[in-house]
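So the structure is just underneath, and the comments pick up after that.
Letters go in sequence order (proteins before strands), and every chain restarts at 1.
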Amino acid sequence: MLRIVHKLRSGFAKMTVREAINSAMAQEIERDPNVFLIGEEVGQYQGAYKVSKGLYDRFGKSRIWDTPITEAGFTGLSVGASMYGLKPIVEFMTFNFAMQAIDHVINSAAKLHYMSAGGLKTSIVFRGINGAAASVAAQHSQCFAAWYSQVPGLIVLSPYDCEDARGLLKAAVRDPNPVVFLENEIMYNEAFEVPDNVMDKDYLIPIGKAKIMKEGKDVTIVTFSKMVKFSMLAAAELEREGISCEVINLRTLKPLDRNTILESIKKTHRVVTVEEGWGQCGIGAEICSIINESNAFFHLDAPVVRVTGADIPTPYAFNLEELSFPKAHNIVEAVKLVLK
Amino acid sequence: MIFRISRSCFSSISVKLPPFKVHHLELDQLPQTTTTTSAELLAYYKSMQLQRRMEIACDNLYKQRLIRGFLHLADGQESIYEGLHAALTFDDCVITAYRDHCIALLRGDTPHQIIAEMMAKQTGSTKGKGGSMHYYKKATNFYGGHGIVGAQIPLGTGLAFAQKYNKKPNVTLIMFGDGAANQGQLYEAANMAQLWHLPAIYFIENNLFGMGTSIDRASANTKFYTRGDVIPGIQIDGNNVFQVRETLKFAKKHCLDKGPIFIEAMTYRYHGHSMSDPGVTYRTREEVQQQRKTRDCINYVKNIILENKVADEHQLEEIDNTAQNEIDIAVEQAKVDPVPPSTELTTDVYVDNQNHFIRGILYKDSILPKSQ
């Protein structure tokens, strides 16, 4: 058994997000014989990003399935298996490759329960890395949060830290609906201290509930995934300047936790949204609209400021890539803009 | 159609099967004859007539604008569905695309449910929310009912995967047409089926046209039963209910023992691809008439019945009328059934629908989760 968790002091342990996802999968595969992992290089290769390390040795080829490089085929196969009653965890090496299989996520999985008037269901998790990595250029860097979040019938989750990764992935596997689970390659290496209860085999986080990472009173920052890290860094810097930010980690993108966002606005009266993906029709655009349609609009003292990826395919050159995606300093600037 | 029949006793009638074409198999693995009985012949005849009458009724209803949208009829191909029904059980899975009414019928829906669904009534198989292309029945392992050409193929491969995962002594019949047979996802799925020895029958209903494109204009290799490459294949006369039945029995044994198989069933659809296709811009009326005269799958069974004096013309006409009557009653009932209530608009989006937010056209019309 892989020793993945470093005990720090009683009640806490330190682990990376990669280890968090690995341990969550291991526990769910152990718990339910219908759960299996399927994807490219998840087995003998130990995972393209080592997220499934050790699972093949522990569970064998009947539970950890290496596929050929055929996304449309193995995604459709997995959806079909879930129609019969199995519970696949489908790993996309990156969500960029999932575009080859997106018909099965949307038309075969998401819409099935409705078209069959409740007769069939697909309990399935589609997981993999999403958004920018480092210097992998245009075809390997897209954020798909907005695309999947639009689709009725899907649940869309995006963890930030270890707590999120464990609790949300386990909740996703146990949910009877199809779930898109957007991970982040850069976050895989980040280590976090977690209280012991997070390692519990039944540790679950409620789907549809955002987490307030830091309370504040001057501005609400709404974000998810890796951008939570930059938002927290920005909030720390702003705190030193006497500006108090409330940082909301969405955790679930569909269904969005409207209540947490709107309640925060009633307190702070100013909002900044932060996402890595392109702005048009993005998560920030949706949050602006949600605010617009509620009475929280009348609590705003300024228009919402969005921080998004630049509207460009991702360049390779390091200095250009740095200018493509939000960093902490962009978020600091955005907060100061909304306070003007 | 040439066949030789002998009557060995009162109950058993021998039927000679048409020749097979095989790929990576030996001809002597397949039967040359099979047997049937009077009762079975009459049952096949009645069931195929019911399918035929149901499809023709839908044609009429569409022309009366009581069925809308897409309608893809399978009249001419009934022997395929009858044959699969005879060979397989309800523990074997079936999946197909949108030409699915007859399979829905044989997998347990009533003509009333099927017709009411197309007429968009709440009494339809899927409450009026699916329509012609979306029939399903979990209880009899019928998984649809899919609108995207070729998508059902990996899905069906997944059903076979799940059967093997659960160590079931059952197979999945994955049905698709000559048009879908060029889809990349077929080869992706079949590759995995062969690698993992999945109990998948890849069943090509070759009615010679994908929409309006003949097989010669669409496929560089029209020997679809060989397109599985290392996977064995058989080509049969899909209009011969006995050959379909015996081939699928063989296929089931093969799948449970070795892995996937390709079956190509030659057939013909009398209607165009769908109701918007008159079916004569890419083939001649004479060809359609010729098929009806010489290759009709119901006439084939009828001739065996008459030759063996199982029944006479008059008795068969009675069966025809009974079938027609059953359909007429279903149509009349469906006509007066109510449409789905507007509350059905937002149900079944999620399995636990009550826990989810469903936006309405205006925000104020949205359905909130029960907890809010």
Leading residue by heavy atom contact count with chain A [cutoff under 4.5 Å; candidates B:Ala139, B:Ala151, B:Ala189]: B:Ala151

Report the option among B:Tyr350, B:Tyr187, B:Tyr363 that has the most heavy-atom pairs separated by less than 4.5 Å from atoms of chain A. B:Tyr350

Given side chains that start at C-beta, do those of [X] and [Y] come closer than 4.5 Å, heavy atoms only?
X	Y	result
A:Ile155	B:His356	yes
B:Ile153	B:Tyr202	yes
B:Asn166	A:Tyr84	yes

Among [options], which residue forms the greatest number of heavy-atom pairs with chain B at distances under 4.5 Å?
options	value
A:Lys121, A:Glu71, A:His104	A:His104
A:Ile69, A:Thr70, A:Leu77, A:Leu120	A:Leu77
A:Pro176, A:Gly119, A:Ser116	A:Ser116
A:Asp103, A:Ile207, A:Ile290, A:Asp175	A:Asp103

Tell me whether [X] is salt-bridged to [Y], with the criterion being a basic N under 4.0 Å from an acidic carboxylate O.
X	Y	value
B:Lys127	B:Asp348	yes
A:Arg306	A:Glu286	no
B:Lys364	A:Glu293	no
A:Glu30	A:Arg58	yes

Quick check on [X] against chain A: is it the side chain, the backbone, both or neither that has a heavy atom closer than 4.5 Å?
X	value
B:Thr347	backbone
B:Leu362	neither
B:Asn191	side chain
B:His134	both
B:Gln152	neither
B:Tyr143	both
B:Ile95	side chain
B:Ile148	side chain
B:Tyr136	side chain
B:Lys164	neither

Under 4.5 Å from any heavy atom of chain B, what part of [X] do you find: side chain, backbone, both or neither?
X	result
A:Asn34	both
A:Ser62	backbone
A:Lys254	side chain
A:Pro178	neither
A:Gln100	neither
A:Pro255	side chain
A:His113	both
A:Leu112	side chain
A:Asn292	neither

Would you tell me whether [X] and [Y] have side-chain atoms, one donor and one acceptor, within less than 3.5 Å of each other?
X	Y	value
B:Asp92	B:Asn170	yes
B:Asn221	B:Ser219	no
A:Asn177	B:Asp352	yes
B:Gln163	B:Thr172	yes

Out of B:Arg107, B:His101, B:Glu205, which residue meets the side chain to side chain donor-acceptor pair (under 3.5 Å) rule with B:Tyr81? B:Glu205

Hey, does the side chain of A:Asp164 reach the backbone of A:Pro159 with a donor-acceptor pair shorter than 3.5 angstrom? no

Tell me which one of A:Gln27, A:Lys87, A:Arg174 satisfies side chain to side chain contact (heavy atoms under 4.5 Å, CB included) with A:Asp32. A:Lys87

Is it true that A:Phe126 and A:Tyr148 have ring centroids separated by less than 6.0 Å?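 No: the rings miss the under 6.0 Å criterion.
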
